[in-house]
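Worksheet for the structure shown next.
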Amino acid sequence: MALRICLEFSGGAELLFNKTKKHEVTLPVCEKDWTIGSLLPWMRETMLKERPELFMQGNTVRPGILVLINDSDWELMGELDYSIKENDRIIFISTLHGG
Amino acid sequence: MMETEDSDLRKLLKEKDDEIERLKKLLTIKTPAVVEEKDIFVQSDDRPAVREKLNNAEISRYSRQLILPEIGVKGQLSISSASVLVVGAGGLGCPSSIYLAAAGIGRIGLVDYDEVELTNLHRQILHTEAKVGVTKSASAAHACKSLNSHVECIPYHLQLNSSNALQLIKQYDIVLDATDNVATRYLLNDACILANKPLVSGSALRFEGQLTVYNYDGGPCYRCLYPKPPPPETVTNCSDGGVLGVVPGTIGCLQALEAIKIAAGIGPSFSQVMLMFDGLDGTFRRIKLRGRQPSCPLCGTQPSITQLIDYEQFCGARADDKDKCLKVLDPAHRITVHEYNKMLETGSNHILVDVRTEVEMDICRLPHQPINIPINRIGQEESIATIQRRLTISEEKPSVVVVCRRGNDSQIAVETLLKCFKDSDLDIKDIRGGLHAWAKHIDTNFPVY
Ligand SMILES: [Zn+2]
């Protein structure tokens, strides 16, 4: 079954995604469960227009981006192995350094 | 009749005398003496005296916070005995330090290596027009001291680095990260873990702010969250990204609140929790963070970092937010503002490509009709086609001159264009130093932003 989820970007990460902070997306039917690990390359292929290295490094997000799943640090949720559920809200925050 | 006039005059005289007394008192508030780098090692480890009783003046002054049951006399005594080191006297450090002073924190240290600039004033609200050019730490300390002369304010005019950070941090109870760059953030984090001090960290850019407290009661440190520094090209400073003053203002106030709660023994609300503030959407969001990571090289079970390291090297970026000067282009592909001015005077046939953003184009532009292609779109087919079209309508082949704000992006743009037009003998150059150089050397009435 296709999964509807919400992807959000902040701290400047939205600049890589059409300058849009909030994206409602539908993940296509897949044999295996969707995980963050399979979501990231899907995002790179379908959503990222340019300079993917500013978002990903290897199979994960680049250093300085924090991933949140429903307002919790993804480290508490299994990181790349987390199984995505319908209506999940996944947020990618670029850390700010200015003051 | 005479008598009443006499008494009125006497009353007026008394009022004026009081006013003179008040102003005299104000004048005596001197800017606290600035502490230079060499002096921090000779300072003794003295602490603000541990207070056992509030005097009448303090009871009046702090009465509105004193009657809060969460603070009370005990809390106020703890606040008055506490010392807080604010690192950075900028957009975050100004609002946080002034509220710490107002609340009666016993000793406030203010660290900054910089001087006040005009572009700081929209957000670094303790510095005034008269303070442009003055040491930031001294300017902020003066403002804090003027608000509350009972608070001890120590301005440190120095760049925090691996050889002085621990010495300084050890002298304080709580540390505020109000800095503006990645390298100093790692340095402060490591120093706070090694000295075991809570670190109240704030940051801001554009309309967004982030706040969290590190190294408090089992909570994570900065490295637990960010084991690897971000690639330098992904880091944006306030000068390039912009920032609305009230955004760091909001975060700075919350940093002060967290520090006061720690000092008063209430404890912070943002340990192992991050606040994400979006001033454009008007949202405050609380994020639950991971706890201390056993694998952390600094605060984990088997730490490999046991002393401070070279943070500029670790991050591949300098420990300030100053503009970098890129040198990627061969000098053959660069012209000076004087040479460009000559081109304009002689009517040299050229296409001017301005690679700044649309907003920046509205601020100012060179006196020659440009094509605007923002730097992030320079390599795209559409952009190349735009330049191609302009090339073909010209009878005689024009040269291409690329300009930006400071002469960094223009070099990257020329590099890209040289690749895209590698099969033609098109002459492509950038203007060294960009519009800043133009304003400095050619047109001193040209706006600088
Ligand atoms: Zn750690």
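Values in this document were obtained by computation on a predicted structure and should not be read as measured data. Labels below follow one simple rule: chain letters A, B, ... track the order of the sequence lines, proteins then strands, and each chain is numbered from 1.
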Item checked: Contact list for residues 272-301 of chain B, test ring pair (Phe, Tyr, Trp, His ring centres under 6.0 Å), sequence neighbours left out -> B:Phe277-B:Phe284
Next item on the list: Please flag which part of A:Gln57 lies under 4.5 Å from any non-hydrogen atom of chain B: side chain, backbone, both or neither.
Entry: side chain
Margin query: Nearest 0.5 angstrom please: A:Leu96 CG to B:Asn237 CG, how far?
Written below: 12.5 Å
Item checked: Which atoms of B:Asp177 approach chain A - backbone, side chain, both or neither, heavy atom under 4.5 Å -> neither
Margin query: I'd like to know which of A:Gly99, A:Ser94, A:Ser72, A:Gly64 tops the heavy-atom pair count under 4.5 Å against chain B.
Written below: A:Gly99
Margin query: Quick test of your reading of the model: are A:Asp71 and B:Lys288 salt-bridged, counting only N-O distances below 4.0 Å?
Written below: no
Next item on the list: For side chain to side chain contact (heavy atoms under 4.5 Å, CB included), just list the numbers for A:Ile93 and B:Gln210, CA-CA rounded to whole Å, side-chain angles, deciding distance to a tenth of an Å, and then say yes or no.
Entry: CA-CA 10 Å; A:Ile93 311 172; B:Gln210 295 168 356; 3.2 Å; yes
Checklist line | Interface moiety of B:Arg286 toward chain A, non-hydrogen atoms closer than 4.5 Å | finding: backbone
Notebook entry, point to check: CD/B:Gln272 to CG/A:Leu76 distance, rounded to the nearest 0.5 angstrom?
Noted result: 7.5 Å
Next item on the list: Answer with side chain, backbone, both or neither: which region of B:Leu280 has an atom nearer than 4.5 Å to a non-hydrogen atom of chain A?
Entry: side chain
Notebook entry, point to check: Considering only heavy atoms, which portion of B:Thr179 lies under 4.5 Å from any heavy atom of chain A: side chain, backbone, both, or neither?
Noted result: backbone
Note to self: Checking side-chain contact (heavy atoms from CB on, under 4.5 Å) between B:Thr234 and each of A:Glu53, A:Arg62, A:Arg51, which is the one that passes?
What the structure shows: A:Arg62
Checklist line | Top of B:Ile287, B:Leu92, B:Asp281, B:Asp278 for chain A proximity - count of heavy-atom pairs under 4.5 angstrom | finding: B:Ile287
Margin query: With a sphere of 6.0 Å drawn around CZ of A:Arg89, does it hold more than 12 non-hydrogen atoms of other residues, nucleotides or ligands?
Written below: yes
Next item on the list: Please confirm whether the backbone N or O of A:His97 pairs with a side-chain atom of B:Ser203, one donor and one acceptor, at under 3.5 Å?
Entry: no
Item checked: Enclosure of A:Lys85 NZ (heavy-atom neighbours >12, cutoff 6.0 Å) -> yes
Next item on the list: Can you tell which part of A:Ile65 gets under 4.5 Å to a heavy atom of chain B, answering side chain, backbone, both or neither?
Entry: neither
Check: Taking every heavy-atom pair that is under 4.5 Å apart, which of B:Pro229, B:Ala204, B:Ser239, B:Pro248 has the most such pairs with chain A?
Finding: B:Ala204
Check: Below 4.5 Å, heavy atoms only, C-beta onward: do B:Leu225 and A:Thr95 meet side chain to side chain?
Finding: no
Checklist line | Winner by heavy-atom pair count (cut-off under 4.5 Å) against chain A, out of B:Met274, B:Gln293, B:Glu233 | finding: B:Gln293
Checklist line | Heavy-atom contact with chain A under 4.5 Å, split by part of B:Asn181 | finding: backbone
Note to self: On a heavy-atom basis, which atom in B:Arg206 and which in A:Gly11 lie closest, and how many Å separate them?
What the structure shows: NH1-O, 4.3 Å
Check: What heavy-atom pair brings A:Gly98 and B:Cys238 nearest, and what distance separates the two atoms?
Finding: CA-SG, 4.1 Å
Next item on the list: Report, as yes or no, whether the 6.0 Å neighbourhood of atom CD on A:Glu45 holds more than 12 heavy atoms from other residues, nucleotides or ligands.
Entry: yes
Checklist line | Minimum-distance pair of heavy atoms, taken over all atoms of A:Gly12 and B:Glu208 | finding: N-OE2, 4.0 Å
Item checked: A:Glu86, CD atom: more than 12 neighbouring heavy atoms under 6.0 Å -> yes
Notebook entry, point to check: What part of B:Arg290 is in contact with chain A, defined as an atom under 4.5 angstrom from a non-hydrogen atom: side chain, backbone, both or neither?
Noted result: both
Note to self: Tell me whether A:Glu8 is salt-bridged to B:Arg285, with the criterion being a basic N under 4.0 Å from an acidic carboxylate O.
What the structure shows: yes
